[in-house]
Number of protein chains: 2
Amino acid sequence: MIDTHTAEPSALLREAGLRVTETRLAVIAALADAPHSGVDAVVTQVSNRLASTSRQAVHNVLNDLAAAGIARRIEPAGQPGLYELRVGDNHHHIVCQRCGKVADVDCVTGHAPCLTPSKTSGFDLAEAEVTFWGVCSDCRATEVAQPAGASAPV
Amino acid sequence: MIDTHTAEPSALLREAGLRVTETRLAVIAALADAPHSGVDAVVTQVSNRLASTSRQAVHNVLNDLAAAGIARRIEPAGQPGLYELRVGDNHHHIVCQRCGKVADVDCVTGHAPCLTPSKTSGFDLAEAEVTFWGVCSDCRATEVAQPAGASAPV
DNA sequence: GTCGTTCTTTTGACACAGTAAAAACAAGCG
DNA sequence: CGCTTGTTTTTACTGTGTCAAAAGAACGAC
């Protein structure tokens with residue numbers, strides 16, 4: 001299998017049976033530059049590289065990449081979907097509860113650590129997904145000045 | 001603290017400073033009957049108990065209950081939000097990749113098992129959320145007859 | 001029990017994210 | 001070069017959830 005984040009983008013596409021197009025290369029480049037990007041962010045990035053690209057094309061490409069296993073879609077609760085190129089390496093995410101920023105969290109304990117549920121309720125287990133929630137350093141800094149639950153002085 | 005799934009619903013509401021209304025009681029009853037219900041399912045359930053209720057009211061109530069800590073909202077990727085009354089007991093969910101059915105998974109290893117990320121990237125960690133993905137027994141049964149990836153014979 | 005304040009619910013409009021489908025276009029093979 | 005098939009564009013639409021103003025109900029005070 002080709003390594004998603006070191007291989008030539010065009011090779012990745014060909015490998016997956018997808019045609020190599022400007023749009024797709026631009027989307028892959030955008031994700032390489034800024035992982036955990038949403039459709040909006042990707043559209044912006046792509047616009048900088050290409051003359052014109054429709055939002056729908058970006059949607060298509062991201063769906064195709066995800067279906068081909070080149071990209072992965074993550075969907076933290078309460079946010080639009082985000083995409084990243086790191087696939088198949090069993091890493092997880094930590095999401096800022098305030099600003100939505102996402103960072104990668106590598107899995108220390110090896111693969112699927114303690115992630116065998118006690119009772120699968122008859123389910124055929126395929127995978128475990130872990131999402132950490134917290135507050136990023138930027139938001140924590142802001143919060144000191146203006147605590148989250150604080151009401152403005154009257 | 002009042003135990004969410006044994007206490008009288010009206011007590012729960014009062015405790016949280018919320019008024020006791022037919023709508024709210026009906027929503028709580030619906031969630032008690034069918035955990036992991038979406039807004040649609042709750043609306044249907046509530047309609048059976050009450051003469052008329054607006055979808056918006058159900059949205060309001062569910063938001064209020066979630067804000068008050070009486071209910072919890074979960075949002076598996078690719079699905080509308082679901083609500084359940086079990087809160088504060090650190091359990092997780094297993095979701096069917098085919099039909100979206102959700103089951104509870106109790107946390108064997110105690111609280112927050114091995115869920116301390118290796119590197120928090122400067123985040124202030126608040127909580128860890130685990131979602132298991134798999135195929136439920138019903139879907140597996142169907143799948144034997146019609147495998148998911150199978151193309152129809154030409 | 002009745003009154004009045006405040007919280008809930010209703011109603012209707014709107015915002016956002018994503019999907020659907022047909023026509024115009026381009027990649028890659030012969 | 002030119003054909004075939006996969007991409008992209010364009011436009012419309014669906015689903016999920018929010019916003020806000022007016023009507024209505026819960027609960028405490030009298």
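Each chain gets a letter, A, B and so on, in the order its sequence line appears, and its residues count up from 1. This structure is a prediction, so every number in the text was calculated from the model and none was measured.
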Have a look at [X] and say if it touches a base, only the backbone sugar-phosphate, or nothing, with a 4.0 Å heavy-atom cut-off.
X: B:R55; value: nothing
X: B:N63; value: sugar-phosphate
X: A:S52; value: sugar-phosphate

> Do the side chain of A:R55 and the main chain of A:V39 share a donor and acceptor less than 3.5 angstrom apart?
Replying inline: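 Checked: no pair found.
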> Can you check whether B:G78's main-chain N or O pairs, donor with acceptor, with A:E75's side chain at less than 3.5 Å?
Replying inline: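 Yes, the answer is positive, given that a donor and an acceptor are paired below the 3.5 Å cut-off.
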Whole Å only: how far is the [atom1] atom of [X] from the [atom2] atom of [N]?
X: B:L50; N: D:dA25; atom1: CG; atom2: P; answer: 13 Å
X: B:L13; N: D:dA26; atom1: CG; atom2: C1'; answer: 12 Å
X: A:N60; N: C:dA22; atom1: CG; atom2: P; answer: 15 Å
X: B:R14; N: C:dC7; atom1: CZ; atom2: C1'; answer: 14 Å
X: A:D64; N: D:dT9; atom1: CG; atom2: P; answer: 13 Å
X: B:I74; N: D:dG17; atom1: CD1; atom2: P; answer: 12 Å
X: B:E22; N: D:dG24; atom1: CD; atom2: P; answer: 18 Å
X: B:L25; N: D:dA26; atom1: CG; atom2: P; answer: 10 Å

>> Can you work out whether B:L18 or B:G81 has the more 5'-proximal nearest nucleotide on DNA chain D?
In response: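 Nearer the 5' end of the strand: B:G81.
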Please determine, for the side chain of [X], which listed nucleotide ([options]) has the closest atom?
X: B:T23; options: C:dG18, C:dT9, D:dA26; value: C:dT9
X: A:H59; options: D:dA20, C:dG18, C:dT8; value: C:dG18
X: A:R19; options: C:dT10, C:dG18, D:dT5; value: D:dT5
X: B:T21; options: C:dT9, D:dT8, C:dT10; value: C:dT9
X: B:Q56; options: D:dC27, D:dT8, C:dT11; value: C:dT11
X: B:P80; options: C:dG28, D:dT8, D:dG17; value: D:dG17

>> Within the 4.5 Å heavy-atom criterion, are B:V43 and B:S47 side-chain neighbours or not?
In response: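 In contact.
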> Going by modelled atom types, is there a donor-acceptor pair between the base of D:dT7 and the side chain of A:R24 at under 3.5 Å?
Replying inline: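 Answer no: no donor N or O sits under 3.5 Å from an acceptor.
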>> Quick check: is B:V105 connected to B:I74 through a chain of hydrophobic side chains (ILVMFWY, heavy atoms under 4.5 Å apart)?
In response: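 Different hydrophobic clusters.
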> Would you say a side-chain N or O of B:R73 is under 4.0 Å from OP1 or OP2 of D:dT16?
Replying inline: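 So the side chain of B:R73 is outside the cut-off, no N or O lying under 4.0 Å from OP1 or OP2 of D:dT16.
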>> salt bridge (Lys or Arg N to Asp or Glu O under 4.0 Å), that's the test. Do A:D64 and A:R19 meet it? Break it down for me.
In response: CA-CA 11 Å; A:D64 291 347; A:R19 288 188 182 166; over 6 Å; no
